[in-house]
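Each remark here refers to the structure printed beneath this line.
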Number of protein chains: 2
Amino acid sequence: MAHTARQLRSKIDATGRLELSLATVDVPDPGPDEVLVRVEAAPINPSDLGLLFGPADMTTAKASGTADAPVITADVPGHLLPGVKARLDQSLPVGNEGAGVVIEAGASDAAQALLGKTVGVIGGAMYSELRAVNANQCLAFPDGTKPAQCASWFVNPLTALGMVETMRMEGHTALVHTAAASNLGQMLVKLCHADGIDLVNVVRRPEQEALLRGIGAKHVVDSSAPSFQDDLVVALTTTGATLAFDATGGGRLASRILTCMEIAQNATATEYSRYGSTTHKQVYIYGGLDRSPTQLTRNYGMAWGVGGWLLTPFLQKIGFEGVQRLRDRVAAEITTTFASGYTRKVSLVEALTLDAVRAYGRQATGEKYLIDPSRGA
Amino acid sequence: MAHTARQLRSKIDATGRLELSLATVDVPDPGPDEVLVRVEAAPINPSDLGLLFGPADMTTAKASGTADAPVITADVPGHLLPGVKARLDQSLPVGNEGAGVVIEAGASDAAQALLGKTVGVIGGAMYSELRAVNANQCLAFPDGTKPAQCASWFVNPLTALGMVETMRMEGHTALVHTAAASNLGQMLVKLCHADGIDLVNVVRRPEQEALLRGIGAKHVVDSSAPSFQDDLVVALTTTGATLAFDATGGGRLASRILTCMEIAQNATATEYSRYGSTTHKQVYIYGGLDRSPTQLTRNYGMAWGVGGWLLTPFLQKIGFEGVQRLRDRVAAEITTTFASGYTRKVSLVEALTLDAVRAYGRQATGEKYLIDPSRGA
């Protein structure tokens, strides 16, 4: 029996106008390998914002429409339009991940096995009341798990696990993380604590230090403190961390981390090397909170690297069995290591208010929204 | 029978004064595994300048001493002195590589086999009339090879070979090289031509383009031309190069190369990717002609990396057999692929004139000096 469902849409037109709205779509019956999921929880992640907002200037956002059918509009600066040529005038569904209950299932064993289960889903368009997806896009959680508990089951948990796996694969023994007060940052604190990995958390405000220490972080340095460089050198000397994941991207933070890693390495070196420390020091940029150019002072010898890091290529690198191993761990620890907190839970209608769309950009400070598409306005 | 020999020395004292001079040293008889080499040719490479000049400001250079015992002095800025703490007040011999004739040999077979041969030597202090070195620091060249032909047998040939090997090891199929008019750059043109590898040469002046085309370069782009970015995109689209070796380091060149690589990759992409091209794009910085910060605009997706590259760790990575294979190729092709040209050949005394020391810094433009310590002033 076919259904209809409301879903959140994002469209940019050729005049440079972003429009966020709710559309009603037909949802086909699930195919043999598919299940129909009633979505009850879907987080707004930083990785959703590219599709949701495009390059729009959200300080120009305006609300319109009706109480049942709200509309948010905003302006895209003209010089940024060519960069989104491929999506112009298309009404695109949004939402990388979420969770819900399987209410119908196709004939295959894999699909039938999920009937009635609470599942996490990956695959886009999750800000929808109903989603028909392939069974292999789902992860079944233990009975009793609520969708709100496993909504953020994929992006942040696998990114945190990916950072730790990358650390091991590339021969490092400890980690640095910036924007460490984010939902992902807090998860990484718990993961590293569970796995006995030394983690240096770089935050941008004193109150974030208290938050992280409250959940067990040992090494927290505040980049706004006058003593930042000295504090960071101490933490890097103590931990021996030579790999950092940086969410900010722009400015001098990546370079300052490499500089401090070099000082820390030389503090424990037994002989002078004219080309600097021979230990490889790496910063992976995985976000772009600061859009300005990355500035590298290169006062850290020749054994260093800076580069982009993205979850999908990492998962391709470790292959199906590697991903399966990580997914199994997420399923087992979704209410502990990988538990997410949210500052607000909203309906689809409430997700399209000015307050809400402004909050989506403040995730580095811990702000995090969860949409429950099954809730009325 | 022990000898004495003159050798070039560099000293920085605690007051911030650099002094270059000639010292006379005792040269012991060679041990069983050693040979005594009469050095007849030693190049001044960019990689020698760190030890030779330290961080001295060579615009302050002054000549003194006598005709037979010239002295060059220059000032080291005070804030840079802590960086050379480890070498203060030590009179250090200079010269990474060179070539000469073996005039005495120790008892071992390996040493005896080199007696009378023209050998390339690696191991420092090559700006000396005589050098006693272990036989394994030597590479014997075919009879008839002159020391001036094989003086630059190690640093540039192995760096050029290392770039090509790195390209293959990391899955790239073509190369970009900056400061391409240098001695190393010209060698790389010949090597890539011999091996059928597409090489994009980035030069900084129109006359350098002519020089490189004259030795067979197919793709030459001039970074001073208004059409530089378009020219580079065309060359990168044609060659598919996704790996660059950059000798400049500072400024925006590395970033501009990545930007153009991304444009070139997307020009041939079959589908749109919201995170940019999924092909990894890499720039290795192996020199520092521009000491200013490296600025990365990051408008090239997430599949990119920038990092330091140094010959010694590369040689360690490929191991003894790998190095042996590369050395054998250098021996076979020293007068063809790996032939070096010099703008001037000087004695030890002539190496310490103001004109000479100023020229050592202009190597990116093709300027190259060769010292013959066996020549009188």
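Naming: A, B, ... by sequence-line order, numbering from 1 per chain.
- Although no hydrogens or angles enter the test, the distance criterion places no donor-acceptor pair under 3.5 Å between the side chain of K11(B) and the main chain of R9(B).
- No side-chain heavy atom of Y127(A) sits less than 4.5 Å from a side-chain heavy atom of N96(A).
- Counting heavy atoms from C-beta outward, M169(A) and F314(A) have side chains that approach closer than 4.5 Å.
- In this structure, no portion of L258(B) lies under 4.5 Å from any heavy atom of chain A.
- The candidate from A303(A), P293(A), S255(A), G250(A) with the greatest count of non-hydrogen atom pairs under 4.5 Å with chain B is P293(A).
- At a 4.5 Å heavy-atom cutoff, the contact between S292(B) and chain A is made by backbone atoms alone.
- Note: I285(A) leads I285(A), T297(A), N299(A) in heavy-atom pairs under 4.5 Å with chain B.
- Side chains of R87(B) and V84(B) form a contact here, defined as non-hydrogen atoms less than 4.5 Å apart.
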